[in-house]
Amino acid sequence: CLVGSEMCIRDSGALPDGRLVSTSGDGTGRVWDLSVPPNRPVTAPHDWNVSAIHSWNNDQFITGGTDGKVVLASTSETSEPLVLTQHGAPIVGVNVLQSGDVLSLDASSLLRVSQPLGDPSGLIEINVAPGATSLDVRDSLGVVTGHADGSVRFHDFADEVAFVDAHGS
C-alpha cells in the first residue's frame, strides 16, 4: 500500500455472521457479503483515513480514524453512525470488551475505554508505553498493545502487568 493512497485497505475484520468489513484510505469501510452490493460503502463520519476497524454485535462495527474519531457504525441502511469519542491523535487500534465497552488506542499511546452509546460519564483513560502501534483484547490476557520498539505489553485497567521484547526493534 502506498503512503497516502486512497485505494489501500488499511484494516479488516469479520462480523459474527461471517461477513467481512474493511477500511480504506478514502475514509470508508466496506461490507463484503454476497447479499450486499460490493460497491455500497458503509460510511462512518471520519474526516479522512479510517485506520482501524473491529466487528461487533452482528451488523455493527467500531472504526477509528486518523482524525482521532472512534465511531460505532452499522451495515444497516437505517442506522446512523455514532461518534463515541474524539482523541487528539490518530487512532491505531479499536476493540470491544466482553462488557460491550469500546477500547481505542491512539498514536500518542492513550488507551481509552468508552461506553458503546457514547456516554462520556464512563470514560476511562490510561497512558501506555510510548510508541503504541496496535491493540488487541484477549480474554485470558486482558488488553494487549504492540509498540514500535518491537515490544508487546499486557495491561489490566490499573497498570501494565507484563512486558515481552517480542521483536527487538
Side-chain angles (χ1 to χ4, degrees), residues 1-15 19-32 36 38-57 59-76 79-97 100-120 122-137 143-153 155 160 166-167 169:
C1 149
L2 299 174
V3 174
S5 171
E6 291 187 6
M7 303 309 291
C8 178
I9 292 179
R10 304 288 182 185
D11 198 7
S12 63
L15 294 168
R19 294 176 294 164
L20 300 176
V21 291
S22 65
T23 64
S24 176
D26 66 359
T28 63
R30 295 191 187 274
V31 177
W32 302 96
V36 176
N39 292 328
R40 180 176 68 91
V42 177
T43 305
H46 291 281
D47 297 332
W48 193 62
N49 189 349
V50 178
S51 54
I53 192 167
H54 180 79
S55 58
W56 181 55
N57 204 18
D59 72 339
Q60 295 179 316
F61 53 96
I62 307 294
T63 60
T66 57
D67 57 6
K69 291 178 185 174
V70 177
V71 177
L72 172 62
S74 173
T75 61
S76 169
S79 176
E80 290 295 319
L82 173 66
V83 176
L84 299 178
T85 189
Q86 173 74 53
H87 285 253
I91 301 299
V92 298
V94 293
N95 213 306
V96 180
L97 297 172
D101 290 339
V102 175
L103 291 174
S104 51
L105 179 64
D106 70 28
S108 73
S109 297
L110 177 67
L111 176 65
R112 186 174 284 169
V113 183
S114 305
Q115 300 295 313
L117 299 178
D119 178 9
L123 187 70
I124 299 170
E125 293 183 341
I126 302 166
N127 288 308
V128 300
T133 59
S134 63
L135 170 69
D136 200 3
V137 174
V143 178
V144 181
T145 56
H147 296 263
D149 65 1
S151 65
V152 176
R153 297 164 188 264
H155 310 268
E160 180 180 305
H167 302 282
S169 64

Who pairs with Thr133 by side chain to side chain contact (heavy atoms under 4.5 Å, CB included), at least two apart in sequence or on another chain?
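Thr133: side chain to side chain contact (heavy atoms under 4.5 Å, CB included) contacts with Ala148.
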My understanding is that only residues two or more places apart in sequence, or in another chain, count here; which of them pass side chain to side chain contact (heavy atoms under 4.5 Å, CB included) with Ser109?
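Scan of Ser109 (side chain to side chain contact (heavy atoms under 4.5 Å, CB included), adjacent residues dropped) gives Val128, Ala132.
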Begin from the C-alpha positions of Val70 and Thr63 and carry the test side chain to side chain contact (heavy atoms under 4.5 Å, CB included) through to its verdict.
CA-CA 6 Å; Val70 177; Thr63 60; over 6 Å; no
Taking atom types as modelled, is there a side-chain donor on Asp106 or Ser108 under 3.5 Å from an acceptor on the other?
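Looking only at side-chain atoms, Ser108 and Asp106 do form a donor-acceptor pair, the distance falling under 3.5 Å.
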Sidechain-backbone polar pair: Ser74 side chain, Gln60 backbone, donor-acceptor under 3.5 Å
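Answer holds: no.
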Could you check whether any side-chain N or O of Ser114 sits under 3.5 Å from a backbone N or O of Thr85, counting only pairs where one atom can act as donor and the other as acceptor?
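No; zero donor-acceptor contacts below 3.5 Å.
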For the residue pair Val92 and Leu135, establish whether any side-chain heavy-atom pair is separated by less than 4.5 Å.
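No - every pair of side-chain heavy atoms lies 4.5 Å or more apart.
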How many angstroms lie between CG in Leu103 and CG in Leu105, if you round to the nearest 0.5 Å?
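Answer rounded to 0.5 Å: 9.0 Å.
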Rounded distance (nearest 0.5 Å) linking atom CD1 of Ile62 with atom CD1 of Ile53
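If I round to the nearest 0.5 Å, the distance is 9.5 Å.
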Salt bridge (Lys or Arg N to Asp or Glu O under 4.0 Å) partners for Asp101, two or more places apart:
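Not a single residue meets the salt bridge (Lys or Arg N to Asp or Glu O under 4.0 Å) criterion with Asp101.
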Evaluate the criterion side chain to side chain contact (heavy atoms under 4.5 Å, CB included) for residue pair Val71 and Leu82; output intermediate values, then yes/no.
CA-CA 5 Å; Val71 177; Leu82 173 66; 5.8 Å; no
Kindly give the heavy-atom pair with the smallest separation between Ala89 and Ala107, and that separation in Å.
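It is CB-N, 4.1 Å.
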How close do Val94 and Ser104 get, counting heavy atoms only, and between which atoms?
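In terms of heavy atoms, the two residues are closest at CG1-CB, 4.3 Å.
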Determine whether Leu110 and Asn127 satisfy the following criterion, side chain to side chain contact (heavy atoms under 4.5 Å, CB included), listing intermediate values before the conclusion.
CA-CA 5 Å; Leu110 177 67; Asn127 288 308; 3.5 Å; yes
Summary of salt bridge (charged side-chain N to carboxylate O under 4.0 Å, His left out) pairs that have at least one residue in residues 123-134, sequence neighbours excluded:
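Pairs touching residues 123-134 that pass the test: Arg112-Glu125.
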Can you list every salt bridge (charged side-chain N to carboxylate O under 4.0 Å, His left out) pair that touches residues 61-70, not counting sequence neighbours?
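For residues 61-70: Asp47-Lys69.
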By side-chain hydrogen bond (donor to acceptor under 3.5 Å, both in side chains) - contacts of Thr145 (at least two apart)
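By the side-chain hydrogen bond (donor to acceptor under 3.5 Å, both in side chains) rule, Thr145 matches His147, His155.
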